[in-house]
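Structure first, then comments.
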Amino acid sequence: VKPLDLSLYSDLAAVKIFSEGLKKGSLVYSLCRKCSQKHLPPRLYCNICGSTSLDTVEFKPSKGKVVASTMVNYPPSRYKGEEPYGLVVVEFENGLRIMGRIKIGAQRGPELVGSEAKLVLDTEKPDFWFTSS
Amino acid sequence: VGHTRFGRSPNTSVKELAAEACLAAMNEAGLSSSEVEMLSVGVASGSMSGQLSPAASVADALGLVGIPVYRSEAACATGSAALRTAYAHIASGLVDTALVVGAEVMTHVETEVATDYLAQMGDTTWEYVQGATFPAFFALIASAHMKKYHTRQEDLASVAVKNHKYAVHNPVAQFHREITVDEVMRSTVVAYPLKLLDCSPVSDGAAAVVLTSEDKAKKLSDTPVWIRGMGIASTGNILSERKDLSTIPSIRLAARRAYAQSGVGPDKIDFAEVHDCFTIAEIVAYEELGFAERGHGVDLIREGQTELGGRIPVNMSGGLKAKGHPLGATGVSMAVEATKQLRGEAERGRSVKGAEVGLAQNMGLTGQYSFVTIYSR
């Protein structure tokens with residue numbers, strides 16, 4: 001099985017919006033002009049009210065709160081060799097959440113829930129992940 | 001009803017397994033192929049079986065050509081989707097009699113490849129690319145549940161221990177081996193806190209039922225089993241967007257609809273088959289189905305209330321954990337199990353005596369597809 005080719009996916013445009021933000025050192029959400037819903041990950045179409053008018057909003061959180069956490073020992077093919085790695089859902093101060101990897105040492109999961117995670121951005125790649133603080 | 005043994009079947013195909021289950025179902029119902037007006041097929045992943053459009057191959061094997069034949073898909077709830085397709089045809093009067101078959105072949109590819117296919121059933125754009133796997137999704141749910149309600153890893157392990165205990169008595173189950181909490185705790189960590197023995201296995205297998213109208217059912221059988229209600233619900237595909245990861249609200253919504261249609265509440269259910277793809281999912285199902293309040297699902301396991309003889313026996317088949325989980329077969333397998341229990345045909349050691357009403361909860365992904373079906377004698 002070959003690693004996933006992201007260009008295959010129809011919401012590539014949304015991925016591009018997100019990646020452009022990362023290059024500038026920001027995360028990006030979509031704000032619906034009609035119903036004010038914030039979408040993270042960004043969307044091209046508001047799945048709450050059906051509007052196609054969404055603004056791209058950059059934000060620069062330095063940290064967030066872990067709301068769910070695991071350590072993956074058997075990864076999908078594209079992460080083969082990187083296991084084990086931490087995977088978390090993090091909630092930022094604005095209430096938005098995202099799934100991402102977290103650099104942690106030991107086998108941890110539920111123990112991490114409720115703790116603070118620092119956001120790390122790589123503007124070159126671009127990529128993002130978390131570290132446990 | 002018909003059911004193949006679940007497990008590893010290296011020398012067969014999804015077509016042959018499906019045909020075996022179909023023939024058993026038709027034979028048991030005394031139904032000839034000329035009486036079958038449609039064939040509703042559930043196979044979740046053509047990719048794992050190497051037969052990308054399996055419905056036609058199953059129809060061909062059975063000589064069921066000329067009638068409507070196609071496949072329904074809802075990830076791990078594919079079997080229930082196929083059942084619903086037939087149900088809707090019959091309820092609307094389009095046909096009287098349908099043959100429903102769910103089947104899957106998962107062990108013909110390497111486990112690593114299967115892991116990849118399963119992971120890609122979830123959101124691929126944002127979550128798969130972060131390294132999320134199917135076990136990881138449920139591990140995230142487990143972590144939120146454990147933090148919020150002080151659920152322990154041993155509680156999760158107890159679900160697997162219970163389900164293995166009853167699978168021993170189920171001839172079609174993949175595992176005929178009891179396990180202990182200690183064994184679960186010591187098994188390989190897949191996605192912490194979920195260990196290998198918290199996870200349902202990859203399985204090959206098929207299950208089939210004959211579904212027909214009320215009039216025809218009374219002619220065909222002295223002991224028909226009725227679908228009293230079928231509730232279906234869905235939810236968003238991005239796990240991180242959910243407000244409370246310790247719950248799966250689509251199960252609750254599907255259950256509410258099934259209870260409303262059947263006029264039966266959770267207190268009137270004599271037994272349940274629930275979707276224990278991972279042990280945490282069974283605990284969450286108790287809570288969403290209304291067997292316990294949120295946060296109190298573990299009490300049922302700790303007190304033995306979901307054991308045979310308890311308040312509501314759950315997964316007397318062995319569940320997905322120990323009976324096996326050939327994705328497309330599972331929803332139909334639950335219908336077969338409900339039928340056996342309601343007819344008093346379930347084997348000793350796992351038979352719920354005098355059961356009148358049973359519930360089956362089948363879920364695709366982390367609740368993106370939720371089905372709750374209520375069966376009665």
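Values below: all heavy atoms of this structure, side chains included; hydrogens, waters and symmetry mates excluded. Sequence lines set the chain letters: A, B, ... in the order given, protein chains first and strands last, and positions in each chain run from 1.
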*With sequence neighbours excluded, tell me which residues meet side-chain contact (heavy atoms from CB on, under 4.5 Å) with A/Ser51.*
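A/Ser51: side-chain contact (heavy atoms from CB on, under 4.5 Å) contacts with A/Cys32, A/Lys34, A/Cys46, A/Cys49, A/Ser53.
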*Got a sec, which residues hit side-chain contact (heavy atoms from CB on, under 4.5 Å) with B/Arg242, two or more places apart in sequence or on another chain?*
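Partners of B/Arg242 under the side-chain contact (heavy atoms from CB on, under 4.5 Å) test: B/Thr235, B/Leu239, B/Leu245, B/Thr366, B/Gln368.
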Non-hydrogen atoms of chain A under 4.5 Å away: do they reach the side chain of [X], the backbone, both or neither?
X	answer
B/Thr111	neither
B/Lys148	neither
B/Phe134	neither
B/Glu127	both
B/Ile238	side chain

*Among B/Gly236, B/Ala142, B/Ala191, who wins on heavy-atom pairs under 4.5 Å with chain A?*
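Most heavy-atom pairs under 4.5 Å with chain A: B/Ala191.
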*Would you kindly say whether B/Gln130 and A/Tyr85 are connected by a side-chain donor-acceptor distance under 3.5 Å?*
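Their side chains do not contain a donor-acceptor pair, so the 3.5 Å distance test is not met.
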*Report yes or no: do B/His145 and B/Glu287 form a side-chain donor-acceptor pair below 3.5 Å?*
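Yes - a donor-acceptor pair under 3.5 Å links their side chains.
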*asked:* Under a 4.5 Å cutoff for heavy-atom pairs, which residue among A/Asp127, A/Leu40, A/Val67, A/Leu87 has the most contacts with chain B?
replied: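 The option with the most such pairs is A/Leu87.
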*Using non-hydrogen atoms and a limit below 4.5 Å, what part of residues 89-99 of chain A faces chain B?*
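Within residues 89-99 of chain A, the residues under 4.5 Å from chain B are A/Val89, A/Arg97, A/Ile98, A/Met99.
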_Steps toward side chain to side chain contact (heavy atoms under 4.5 Å, CB included) verdict (B/Arg294, B/Ser246)_ = CA-CA 9 Å; B/Arg294 280 184 178 157; B/Ser246 69; over 6 Å; no
_Main-chain N/O of B/Tyr192 paired with A/Thr70 side-chain donor or acceptor, under 3.5 Å_ =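 Checking the backbone N and O of B/Tyr192 against the side chain of A/Thr70, a donor-acceptor pair under 3.5 Å is found.
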*asked:* Less than 4.5 Å apart, side chain to side chain, heavy atoms only: is that true for A/Val15 and B/Trp126?
replied: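 A/Val15 reaches B/Trp126 side chain to side chain.
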*Quick one: are A/Pro42 and A/Tyr29 in side-chain contact, heavy atoms under 4.5 Å?*
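Side chain of A/Pro42 against side chain of A/Tyr29, heavy atoms only: no contact under 4.5 Å found.
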*Taking side-chain hydrogen bond (donor to acceptor under 3.5 Å, both in side chains) as the test, write out the residues that go with B/Glu282, two or more places apart.*
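B/Glu282 satisfies side-chain hydrogen bond (donor to acceptor under 3.5 Å, both in side chains) with B/Lys162, B/Asn163, B/Tyr286, B/Asn315 only.
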*Start with the C-alpha distance between B/Met185 and B/Leu197, add both sets of side-chain angles, then the distance that settles side chain to side chain contact (heavy atoms under 4.5 Å, CB included), and finish with yes or no.*
CA-CA 8 Å; B/Met185 295 298 290; B/Leu197 291 177; over 6 Å; no
*Which bit of A/Tyr79 is near chain B, if near means a heavy-atom gap under 4.5 Å: side chain, backbone, both or neither?*
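Answer is side chain: those atoms of A/Tyr79 sit under 4.5 Å from chain B.
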